[in-house]
Amino acid sequence: MTITLLSTAGELHARARTGRRAVVMTMGALHEGHATLIRTARTIAGPDGEVVVTVFVNPLQFGEGEDLDRYPRTLDADVKLAGQSGADVVFAPAVDEVYPGGEPQVRITAGPMGERLEGAFRPGHFDGMLTVVAKLLHLTRPDVALYGQKDAQQLALIRRMVRDLNFGVEIVGVPTVREEDGLALSSRNRYLSPAERRTALALSGALFAGQDRHAAQEALRARAREVPATRARAEALSAIGESRAAADAHAVATAVPGGPAAVRAAARQVLDEAARLDPPLVLDYLALVDPSDFTEIGDDFTGEAVLAVAARVGTTRLIDNVPLTFGTFGAAS
């Protein structure tokens with residue numbers, strides 16, 4: 001596919017539009033996770049639509065001591081991957097195109113949700129992120145914009161901004177793409193040494209442990225509720241040789257702690273073990289939250305939740321998450 005590289009909004013606005021425009025926002029250093037976003041955008045836009053990939057390293061969302069200067073810039077490779085994945089345009093504006101008057105005095109504020117988890121460890125990050133997303137939505141004028149679910153809190157805040165401020169754009173979340181060993185794809189993975197990478201696998205390992213514990217717990221709850229707790233139930237189970245298994249299932253399903261507490265405990269065990277590795281994993285947070293506001297859920301919570309983790313290995317900071325659903329007597333979503 002022929003792809004066009006543009007650097008100004010004027011050039012982008014001058015393009016004829018016949019179908020839906022789908023935008024994928026990136027900071028460059030594209031990888032298979034971005035490629036998945038672009039391919040999804042291509043499907044949504046259709047053959048008559050247009051897929052625009054933005055490449056812009058936003059200085060507003062990097063805090064003091066973070067890796068703005070060393071963040072990888074690989075525009076030629078990014079354009080190639082974007083084209084191979086189905087994009088029509090790469091929009092790679094300079095800083096003064098996005099912020100023509102210097103750093104903007106008026107910015108989007110993320111509010112209370114933006115002060116939790118990532119926001120607590122990276123003050124001001126989400127204000128900068130939302131400001132540039134709002135700017136790029138205005139500059140690219142899409143019908144739909146796609147973001148990865150790996151950055152779950154970011155995605156939730158973008159959805160909230162679009163809803164609260166009446167942006168006329170559809171927001172689509174795309175599931176996290178992982179490498180074969182389970183590590184979530186990230187431009188920062190390239191910073192990890194082989195030993196650091198082995199330690200970093202504890203992030204996804206912890207999430208999978210929590211996910212597995214949740215799935216088993218929900219299955220046991222469903223099994224325990226299949227037959228009323230009566231003598232007839234016991235006799236029926238005994239008749240098929242499952243009395244002990246059923247008793248175990250019922251005990252586990254009704255045990256305390258259970259539910260969210262058990263999920264947290266399973267994930268925490270993996271992270272605690274990784275903290276003793278060489279090099280160690282240094283945990284920023286492990287959280288099990290309501291995705292509507294990113295507050296911790298209680299043990300009686302039902303509905304969709306996000307199990308999220310952030311940690312440092314060496315000088316590299318990584319985040320990851322998995323979605324879960326409580327109270328449906330099914331496996332994790």
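Values below: every heavy atom of this structure, side chains too, minus hydrogens, waters and symmetry copies. When a residue number appears, it is its place in the shown sequence, counting from 1.
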Working to the nearest 0.5 angstrom, can you tell me the gap between Thr176 OG1 and Leu185 CG? 9.5 Å
Sorted by chain and number, sequence neighbours left out, side chain to side chain donor-acceptor pair (under 3.5 Å) with Glu50 holds for Arg15, Arg21
Would you say that Val23 contacts Thr54 through its side chain, given a criterion of any heavy-atom pair below 4.5 Å between the two side chains? yes
Does Arg42 use its side chain to pair, donor to acceptor, with the backbone of Gly86 at less than 3.5 Å? yes
I'd like to know if the side chain of Glu11 and the backbone of Thr8 have a donor-acceptor N/O pair within less than 3.5 Å. yes
Are Asp284 and Arg312 within salt-bridge range, i.e. N to O under 4.0 Å? yes
List for me each residue that meets side chain to side chain donor-acceptor pair (under 3.5 Å) alongside Asp212, sequence neighbours excluded, and say none if there are none. none
From CZ (Arg159) to CD (Gln154), nearest 0.5 Å: 11.5 Å
If you look only at pairs with a residue in residues 26-56, which of them pass as a ring pair (Phe, Tyr, Trp, His ring centres under 6.0 Å), with sequence neighbours excluded? His31-His34
Partners passing side-chain contact (heavy atoms from CB on, under 4.5 Å) against Arg268 (at least two apart in sequence or in another chain): Asp272, Leu283, Leu286
Crowding at CD, Glu273 (>12 non-hydrogen neighbours, <6.0 Å): yes
Nearest-0.5 Å distance, CG of residue Leu75 to CG of residue Leu5: 5.5 Å
When rounded to the nearest 0.5 Å, the distance separating CD1 of Ile38 from OG1 of Thr43 is 12.0 Å
Counting only N and O atoms by type, is there a donor-acceptor contact under 3.5 Å from the side chain of Asn189 to the main-chain atoms of Ala184? yes
His13 side chain to Leu139 backbone, donor-acceptor under 3.5 Å: yes
Is the shortest heavy-atom distance from the side chain of Asp88 to the side chain of Thr4 under 4.5 Å? no
Sequence-distant partners of Thr302, side-chain contact (heavy atoms from CB on, under 4.5 Å), two or more places apart: none
Carboxylate-amine/guanidinium contact Asp78 Arg73, below 4.0 Å: no
Give a yes or no answer on whether the side chain of His214 reaches the backbone of Ala209 with a donor-acceptor pair at less than 3.5 Å. no
Between the main-chain N or O of Leu192 and the side-chain N or O of Thr316, is there a donor-acceptor pair closer than 3.5 Å? no
Go through the steps for Val263 and Phe326 under the test side-chain contact (heavy atoms from CB on, under 4.5 Å), then give the verdict. CA-CA 11 Å; Val263 171; Phe326 288 87; 4.1 Å; yes
Mind checking what makes side-chain contact (heavy atoms from CB on, under 4.5 Å) contact with Ala195, not counting sequence neighbours? Ser193, Arg198, Pro279
Report yes or no: does Asp127 contribute a side-chain atom to a donor-acceptor pair with the main-chain N or O of Ala110 at less than 3.5 Å? yes
Please examine the side chains of Ser85 and Leu37, heavy atoms only from C-beta on, and report whether any two atoms are closer than 4.5 Å. no
Tell me, please, which residues at least two apart from Glu32 pass salt bridge (charged side-chain N to carboxylate O under 4.0 Å, His left out). Arg39
Do any pairs count as a ring pair (Phe, Tyr, Trp, His ring centres under 6.0 Å) and have a residue in residues 278-320, sequence neighbours left out, and if so which ones? Phe121-Tyr285
Of all heavy-atom pairs between Gln153 and Glu118, which one has the smallest distance, and what is that distance? OE1-N, 3.2 Å
Donor-acceptor pair, distance only, cut-off 3.5 Å: does the side chain of Thr18 make one with the backbone of Asp48? yes
Which heavy atom in Ile319 sits nearest to a heavy atom in Ala310, and how many Å separate them? CG2-CB, 3.7 Å
Heavy atoms of other groups near Asp164 CG, more than 12 under 6.0 Å: yes
Between Arg264 and Glu296, is there a salt bridge with N-O shorter than 4.0 Å? yes
Strictly distance-based, threshold 3.5 Å: is any side-chain N or O of Glu304 a donor or acceptor partner for the main-chain N or O of Asp290? no
Which atom names give the shortest non-hydrogen contact between Val306 and Pro291, and what distance separates them? CG2-CB, 3.9 Å
Let me see the working for Tyr99 and Asn58 under side-chain contact (heavy atoms from CB on, under 4.5 Å), right down to the final yes or no. CA-CA 10 Å; Tyr99 304 121; Asn58 178 34; 2.7 Å; yes
Pairs flagged by ring pair (Phe, Tyr, Trp, His ring centres under 6.0 Å) wherever residues 161-190 is involved - sequence neighbours left out: His138-Phe167
Correct closest heavy-atom pair for Ala305 and Leu288 would be CB-CD1, 4.2 Å
State which residues pass side chain to side chain donor-acceptor pair (under 3.5 Å) with Asn321; sequence neighbours excluded, sorted by chain then number. none
Do side-chain atoms of Arg20 reach the backbone of Pro142 as a donor and acceptor pair under 3.5 angstrom? no
Apart from Leu277 itself, what residues make up its hydrophobic cluster when side-chain heavy atoms of I, L, V, M, F, W and Y under 4.5 Å apart count as a link, directly or indirectly? none
Pairing residues for Arg197 by the side chain to side chain donor-acceptor pair (under 3.5 Å) criterion, not counting sequence neighbours: Glu179, Asp181
At what distance, to the nearest 0.5 angstrom, does CG of Leu130 lie from CG of Leu60? 11.0 Å
